[in-house]
Amino acid sequence: MQTKLKLYNSKNRALETFNPLNPPFVGLYVCGPTVYSEVHIGNVRTFNSFDLIYRYLLHLGYKVRYVRNITDVGHLLDDTSEDRISKKARLENIEPMEVVQRYTVDFHQTMEQFNALPPSIEPTATGHLIEQIELVQTIIDKGFGYESNGSVYFDVAAYNNHHNYGELSGRNVDDLLSNTRDLDGQSDKRHPADFALWKNAEPQHIMKWNSPWGMGFPGWHLECSVMSTKYLGKQFDIHGGGMDLKFPHHECEIAQNKAGYDEEPVKYWLHTNMLTFNGKKMAKSEGTGVTPREMLTGDHPLLTQAYSAMTIRFFMLQAHYRSTLDFSNDALQAAEKGLKRLMVALNSLPNLPVLEKSTLDVSDMHEKLYAAMNDDFNSPIAIAHLFEAVKWVNLISDGKESISESDKDALTKLLNAFVTDILGLKNESENDGTEKIDGLVQFALELRQQAKLDKNYAMSDSIRDRLKEIGFEIKDGKDGSTYTTL
RNA sequence: GGUCUCGUGGCCGAGUGGCUAGGCAGAGCUCUGCAAAAGCUUCCACAGCGGUUCGAAUCCGCUCGAGACCUCCA
């Protein structure tokens with residue numbers, strides 16, 4: 001088993017060698033979306049980042065259990081005690097579970113378009129209410145939670161006497177206790193930094209359940225503690241999520257786990273950075289997010305055209321997952337062209353001529369690609385090397401470099417592994433031409449070739465233009481014409 | 001106000017002490033009836049000011065600028 005992989009543990013702010021708790025098994029938990037509206041493209045970036053990580057771990061041979069939750073209850077709005085899902089349900093006059101269903105399906109369809117592998121388990125908060133209530137009770141029993149007017153809060157001060165609240169996000173409790181902004185409706189809490197484990201429901205509240213403390217609903221951070229423990233154990237390898245979840249969400253999760261189970265739950269914390277838009281974070285709650293649909297259709301004021309899911313995925317992979325990535329029309333156009341060049345080279349691999357000896361060092365390329373990914377999943381570096389390989393392919397085609405049979409096989413295997421399996425990129429436009437269509441286009445090309453021989457350039461240009469309108473781009477080469485589908 | 005991150009060529013984005021990624025755009029060339037596409041080659045950088053060092057984009061300090069978290073958020 002590989003041990004060369006290093007990843008950046010954001011809890012220790014350091015690059016660490018990856019040593020799973022129980023190799024070859026790896027437990028990976030990622031905070032999923034709250035399904036009260038369409039995900040935006042920033043959300044997609046996060047899940048694509050973790051898809052890359054998941055794919056690479058699989059590629060290395062680990063048996064990964066990838067758990068990603070669906071949050072279908074519980075996120076309070078600040079000005080009311082109503083959560084986002086029930087608010088949306090009320091506004092649209094439908095059942096909360098209809099909201100959940102609609103956007104869960106939408107989320108799955110979206111991620112499939114981006115070629116993200118589905119997680120091994122995708123648990124929902126509402127499916128784990130019993131476990132959540134149990135954990136609340138345990139935390140109370142251990143003295144780290146208290147009931148107040150039908151709600152239960154986590155006692156941060158009490159917890160901090162035994163543990164270190166703020167260890168993940170680098171905060172200190174004294175600052176938090178004195179520095180937290182004053183918000184209304186927190187009078188039930190002993191300290192402003194305390195957070196809800198269970199929240200009392202008003203009579204008009206739709207999503208509520210019975211509990212030892214009355215009708216209510218679970219707190220904001222509880223579900224992830226419960227579901228990660230249930231499916232991955234009290235200690236597991238990797239917990240991931242967006243940077244913006246680091247505090248308070250992940251901090252609270254750690255506190256709940258340690259308070260309830262007396263274990264340090266997570267060995268490696270991975271946080272992905274934000275996709276920005278004009279330099280600023282997209283915020284679902286402020287409606288500033290661009291949706292995948294808008295990008296895939298080009299129906300957005302900032303975009304001059306539609307972009308394919310693979311273009312967007314490739315664009316995202318050209319930045320490291322821990323860097324912010326600023327999204328713009330120009331950057332996407334660049335990604336589109338780059339991706340095309342990469343895929344064309346990959347597709348031409350089988351046609352490369354072979355010679356006795358190679359003038360290129362395939363094993364060196366192999367080393368460099370793995371070194372890049374082993375260095376905290378550095379996909380931009382890996383892609384840079386892949387473009388070097390693209391150059392090789394073109395030079396070999398031109399007869400300016402040569403490759404042996406065995407090296408060609410090795411290179412083919414290597415590039416396919418990285419582009420297809422690890423980066424998760426696939427051809428989008430091929431295969432919409434069936435054999436019959438291909439035959440038709442070839443026939444048109446023959447007619448055009450004859451026209452050219454007859455010096456009937458009006459005809460040959462006309463054929464070229466018409467085919468382009470239909471979606472076939474003609475490329476005239478030395479040995480005749482070929483085409484690509486647009 | 002507190003905590004933290006970042007500022008790289010026209011654009012996106014790697015790189016943490018010397019060998020100055022990569023993509024796109026630009027330029028030149030090849031191919032070509034023309035064009036497109038493609039390919040090859042190539043120019044342009046490290047916010048500013050100081051300091052450490054034989055040597056800094058990379059370390060330290062200051063200034064300016066941007067952003068994130070502190071409240072639901074990927």
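Residue numbers start from 1 in every chain, and the chains themselves are labelled A, B, ... in the order their sequence lines are given, proteins ahead of strands. Remember, predicted model here, so these are calculated numbers, not experimental data.
- Rounded to whole Å, the separation between the C1' atoms of B:A14 and B:A45 comes to 13 Å.
- Counting any heavy atom pair closer than 4.0 Å across all strands shown, A:Lys455 reaches no nucleic acid atom.
- For the C1' atom pair drawn from B:U63 and B:G7, the interatomic distance equals 14 Å after rounding to whole Å.
- At a threshold of 4.0 angstrom between heavy atoms, the contacts of A:Arg13 are confined to the sugar-phosphate backbone, with no base atom among them.
- Nucleotide B:C34 holds its P atom 18 Å from the CD1 atom of A:Ile474, rounded to whole Å.
- Along RNA chain B, the nucleotide closest to A:Asp244 and the one closest to A:Ala319 are compared, and the more 5′ of them pairs with A:Ala319.
- The residue A:Gly42 sits close to a base: some heavy atom pair falls under 4.0 Å.
- Here the separation of B:A25 from B:G9, taken at their C1' atoms, is 12 Å to the nearest Å.
- Around atom CD of A:Gln442, more than 12 heavy atoms belonging to other residues, nucleotides or ligands sit under 6.0 Å away.
- Distance CZ (A:Arg171) to C1' (B:G2): 9 Å, rounded to an integer number of Å.
- Taking atom CG on A:Asp326 and atom P on B:C6, their separation rounds to 17 Å, with Å as the unit.
- Comparing B:C11 with B:U52, their P atoms sit 34 Å apart, to the nearest whole Å.
- Considering only the side chain of A:Leu275, B:A74 comes nearest among B:C34, B:A74, B:U71.
- Remark: B:G9 base-pairs with no nucleotide in the shown strands. Criterion, Watson-Crick or G-U wobble with two distances under 3.5 Å.
- Taking all atoms of both residues into account, the shortest heavy-atom contact from A:Arg68 to A:Tyr66 is NH1-OH, 3.6 Å.
- Look at A:Asn378 and you'll find a side-chain N or O under 4.0 angstrom from OP1 or OP2 of B:G15.
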Side chains of residues 240-248 of chain A: which donor-acceptor pairs under 3.5 Å do they make with residues two or more places apart or in other chains?
{"unit_1": "A:Asp244", "atom_1": "OD2", "unit_2": "A:Lys281", "atom_2": "NZ", "d": "3.4"}

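- Across all strands, A:Ser460 comes closer than 4.0 Å to base atoms (heavy-atom distances).
- Distance from the side chain of A:Asn43 is smallest for B:A74 among the nucleotides B:A74, B:C69, B:A14.
- Spacing between atom CZ of A:Phe327 and atom P of B:G67 amounts to 17 Å, rounded to whole angstrom units.
- Between the C1' atoms of B:A56 and B:C40, the separation comes to 34 Å (whole Å).
- Between A:Ile383 and A:Leu317, the shortest heavy-atom distance links the atoms CD1-O, 3.6 Å.
- When the P atom of B:U30 is taken as reference, atom NZ of A:Lys400 falls 12 Å away, rounded to whole Å.
- In this structure, B:U3 and B:A68 make a Watson-Crick or G-U wobble pair, each of the two defining distances being under 3.5 angstrom.
- Donor-acceptor pairing under 3.5 Å, judged by distance alone, is absent between the side chain of A:Asn394 and the base of B:A38.
- Closest-nucleotide positions on RNA chain B for A:Ser328 and A:Arg45 were compared, and the one nearer the 5' end corresponds to A:Ser328.
- The phosphate of B:A68 has neither OP1 nor OP2 within less than 4.0 Å of any side-chain N or O from A:Lys281.
- The distance between atom CE of A:Met274 and atom P of B:C69, rounded to the nearest whole Å, is 8 Å.
- Remark: A:Asp51 pairs with A:Arg55, A:Arg313 by the salt bridge (charged side-chain N to carboxylate O under 4.0 Å, His left out) rule, at least two apart or across chains.
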Review point. Checking salt bridge (Lys or Arg N to Asp or Glu O under 4.0 Å) for the pair A:Glu38/A:Arg293: CA distance, chi angles, key distance, verdict?
Key: CA-CA 9 Å; A:Glu38 274 181 78; A:Arg293 193 207 321 276; 2.9 Å; yes

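- Look at A:Tyr457 and the base of B:G33; the rings stack, centres closer than 5.5 Å and planes less than 30° apart.
- You'll find the ring centres of A:Tyr8 and A:His320 outside the 6.0 Å limit.
- Checked options A:His250, A:His239, A:Glu253; the residue passing with A:Leu168 is A:His250 (criterion: side chain to side chain contact (heavy atoms under 4.5 Å, CB included)).
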Review point. In B/S/- notation, 5' to 3', how is nucleotides 22-27 of chain B contacted by protein heavy atoms closer than 4.0 Å?
Key: SBSS--

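- Looking at heavy-atom distances under 4.0 Å, A:Ser397 makes no contact with the nucleic acid at all.
- Rounding to whole angstrom units, CG of residue A:Leu342 and P of B:G39 are separated by 11 Å.
- In this entry B:A56 has no Watson-Crick or G-U wobble partner, no candidate having both defining distances under 3.5 Å.
- Residue A:Leu395 is classed as a sugar-phosphate contact, given heavy-atom separations below 4.0 Å to backbone atoms only.
- You'll find a donor-acceptor pair under 3.5 Å spanning the side chain of A:Arg464 and the base of B:C34, going by distance alone.
- In this structure, B:C40 forms a base pair with B:G28, meeting either the Watson-Crick or the G-U wobble geometry with both donor-acceptor distances under 3.5 Å.
- Here the separation of B:C43 from B:C19, taken at their P atoms, is 16 Å to the nearest Å.
- At a cut-off of 3.5 angstrom, counting only N and O atoms as typed in the model, there is a donor on one side and an acceptor on the other between the side-chain of A:Asp461 and the base of B:G33.
- To the nearest whole angstrom, the two P atoms, one in B:U5 and one in B:A74, are 24 Å apart.
- Nucleotides B:U32 and B:G39 are separated by 13 Å at their C1' atoms, to the nearest Å.
- Taken from CG in A:Leu414 to OG in A:Ser363, the straight-line distance is 10.0 Å, to the nearest 0.5 Å.
- For the OP1/OP2 pair of B:C70 and a distance below 4.0 Å, the side-chain nitrogens and oxygens of A:Ser169 include no atom meeting the criterion.
- Pair assignment for B:A47: B:U63, on the basis of Watson-Crick or G-U wobble contacts that are both within less than 3.5 Å.
- Closest of all the heavy-atom pairs between A:Ala335 and A:Phe314 is O-CD2, 3.5 Å.
- The two residues A:Val156 and A:Ala193 have their closest heavy-atom pair at CG2-O, 3.3 Å.
- Going from atom CG of A:Asn347 over to atom P of B:A37 covers 19 Å, rounded to whole Å.
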